[in-house]
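Structure first, commentary second.
As the structure lists them, so they are numbered: ligands from 1, and atoms in each ligand from 1.
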Amino acid sequence: MIHPKHSYFPQLKNDTFLRAARGEEIEHVPVWCMRQAGRYLPEFRESRAGKDFFETCQSPEACCELTLQPLRRFPFDAAIIFSDILVVPQAMGMDVQMVAGKGPTFPEPLKEPEDLQRLQVKVDTAKELGYVFRAITLTRHKIEGKVPLIGFSGAPWTLMSYMIEGGGSNTHSKAKRWLYQHPEASHMLLKMLTDVIVEYLLGQVAAGAQALQVFESHAGILGPAEFKEFSLPYLRDIARRVKDKLKEAGQDVPMIVFAKDAHYALEELSQSNYEVVGLDWTIDPLSARERTGGKVSLQGNMDPCALYAPKERISDIVKKMLEGFGTRGYIANLGHGVYPDMTPENIGAFVEAVHQHSKQMIKQI
Ligand SMILES: Cc1c2[nH]c(c1CCC(=O)O)Cc1[nH]c(c(CCC(=O)O)c1C)Cc1[nH]c(c(CCC(=O)O)c1C)Cc1[nH]c(c(C)c1CCC(=O)O)C2
């Protein structure tokens with residue numbers, strides 16, 4: 001059912017991505033790329049030039065333009081709103097800056113459990129993150145129903161690790177120290193994040209997001225036992241609570257969980273209330289299908305570095321990937337984001353290969 005508030009949005013012309021998420025019949029396998037709006041596009045670099053990253057995130061017009069740029073070049077089957085996972089720690093009162101050449105940086109990361117007192121417990125998402133909602137509504141109009149618009153959030157463990165590490169890290173040992181030394185405070189922080197994320201995702205749907213992806217980018221730094229204790233319950237809780245609330249409003253929005261390098265938890269992830277499980281490139285497509293037993297749709301998982309290959313090779317790799325996953329209940333994507341030094345033309349070759357090979361395969365069924 002269309003939410004009354006949404007009825008004025010332009011009608012969706014290509015719902016292939018939404019149908020694949022639900023395991024329904026499709027004419028071709030849908031494809032989009034994580035970080036499809038990014039520095040590999042000259043027009044992206046031009047729009048972003050000389051501007052602060054988070055100021056750009058706070059401008060609905062800029063987010064809309066950056067989200068639409070890749071769609072003007074390539075026939076992607078979905079768009080993801082330009083924003084960042086770190087707007088949530090900002091909304092909870094933390095200072096986060098994007099430092100050129102270094103990446104995201106927290107000048108005052110959380111060091112000890114008493115630092116949790118610095119955080120805003122009850123976040124008014126409409127006030128603190130309203131700019132994301134406005135970006136989504138604007139983009140949903142400007143996309144003119146071409147493809148669905150995906151909203152997203154970072155998952156609690158990934159956000160917690162940034163808030164404690166203060167930026168990128170190889171070992172994540174500061175954040176992991178909390179799990180072993182301060183398990184109670186860790187759960188308290190994860191719970192606080194979960195509450196904000198649930199509100200944030202619901203706000204995105206109310207604003208016009210047609211699907212949601214939750215990024216657990218730092219899953220791989222945890223082992224199976226730690227993942228089961230500190231990540232999985234919160235991922236499940238998020239999907240359950242978002243879905244229950246949407247159901248009350250007569251809405252149903254597919255949700256994707258992308259837990260990078262969590263190959264050890266594939267079975268659990270396929271039973272965690274998400275319609276789609278996103279995969280990185282370390283998982284073999286066929287074995288992913290077997291291990292998830294047809295319970296969910298799958299998304300992924302070409303090694304982004306395969307985009308450095310010549311176009312014919314990209315086409316062969318895509319064909320094998322499609323044969324491994326099969327065409328039903330499948331959304332083609334990379335196993336992680338596009339890198340800044342990649343050639344736009346090769347992204348185009350990837351998209352075209354997915355469409356061409358999958359059309360062929362579906363015809364032969
Ligand atoms: C871990 C993480 C972050 N941000 C995000 C994640 C989860 C996904 C993942 O695992 O990569 C999520 C994210 N960040 C961005 C998007 C936009 C949508 C899209 O995928 O196109 C999404 C979905 C834009 C962005 N977020 C960022 C960029 C590049 C910087 C820029 O535009 O100036 C973009 C396009 C910056 C960013 N933001 C973050 C990092 C590590 C960086 C890179 C810093 C660097 O390389 O210098 C944190």
For [X], is the nearest heavy atom under 4.0 Å from an atom of ligand 1?
X: His336; answer: yes
X: Ser83; answer: yes
X: Gln36; answer: yes
X: Phe258; answer: no
X: Ile81; answer: yes

Which bit of Gln213 gets closer than 4.0 Å to ligand 1, counting heavy atoms only: side chain, backbone, both or neither?
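Within the 4.0 Å criterion, Gln213 makes no contact with ligand 1.
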Applying a 4.0 Å heavy-atom criterion (strictly less than), which segment of Met98 is in contact with ligand 1: side chain, backbone, both, or neither?
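Within the 4.0 Å criterion, Met98 contacts ligand 1 through side-chain atoms alone.
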Element-labelled atoms of ligand 1 that are located less than 4.0 Å from some non-hydrogen atom of Phe82
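Here the atoms of ligand 1 in question are 24 (C), 35 (C).
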Met34: numbered ligand 1 atoms lying under 4.0 Å from its heavy atoms
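Here the atoms of ligand 1 in question are 20 (O).
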Options [options], ranked by nearest heavy atom to [atom], top entry:
atom: atom 32 (O) of ligand 1; options: Arg48, Glu216, Lys51; value: Arg48
atom: atom 7 (C) of ligand 1; options: Gly167, Ser47, Ser217; value: Ser217
atom: atom 35 (C) of ligand 1; options: Tyr40, Phe44, Phe54; value: Phe44

Nearest-contact summary for [atom] - protein heavy atom, Å:
atom: atom 22 (C) of ligand 1; answer: Phe152 CZ, 3.6 Å
atom: atom 42 (C) of ligand 1; answer: Arg35 NH2, 3.8 Å
atom: atom 28 (C) of ligand 1; answer: Phe53 CE1, 3.7 Å
atom: atom 47 (O) of ligand 1; answer: Arg39 NH1, 3.6 Å
atom: atom 41 (C) of ligand 1; answer: Tyr162 OH, 3.3 Å
atom: atom 38 (N) of ligand 1; answer: Asp84 OD1, 2.7 Å
atom: atom 44 (C) of ligand 1; answer: Gly103 CA, 3.7 Å
atom: atom 2 (C) of ligand 1; answer: Ile85 CD1, 3.4 Å

Could you check whether the rings of Tyr162 and His218 sit parallel, tilted or perpendicular, using 30° and 60° as the cut-offs?
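Geometry flag for His218 against Tyr162: tilted rings.
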Check the orientation of Tyr330 and Phe325. Use parallel for under 30°, tilted for 30 to 60°, and perpendicular for over 60°.
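It falls in the parallel class, under 30°.
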May I ask you to test the Asp77-Trp32 pair for a side-chain heavy-atom distance under 4.5 Å?
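No; the side chains remain at least 4.5 Å from each other.
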Any non-hydrogen side-chain atom of Tyr200 less than 4.5 Å from a side-chain atom of Val87?
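Touching, per the 4.5 Å side-chain cut-off.
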Assert yes or no for the condition that the ring centre distance of Tyr40 to Tyr339 is strictly below 6.0 Å.
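No.
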Separation between CG of Asp84 and OG of Ser153, rounded to the nearest 0.5 Å
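So the gap between those two atoms works out to 10.5 Å.
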If I take atom CG from residue Leu159 and atom CE from residue Met92, how far apart are they, to the nearest 0.5 angstrom?
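Result: 8.5 Å between the selected atoms.
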Check whether Ser59 reaches the backbone of Thr56 with its side chain - one donor and one acceptor, N or O, closer than 3.5 Å.
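Checked: no pair found.
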Polar side-chain atom of Lys320 near backbone of Asp316 as donor-acceptor pair, under 3.5 Å
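Such a contact is absent between Lys320 side chain and Asp316 backbone.
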Return yes or no for this condition: an N or O of [X] is under 3.5 Å from an N or O of ligand 1.
X: His218; answer: no
X: Ile80; answer: no
X: Thr158; answer: no

Taking atom types as modelled, is there a side-chain donor on [X] or [Y] under 3.5 Å from an acceptor on the other?
X: Asp341; Y: Tyr308; value: yes
X: Gln97; Y: Asp95; value: yes
X: Glu199; Y: Thr125; value: no

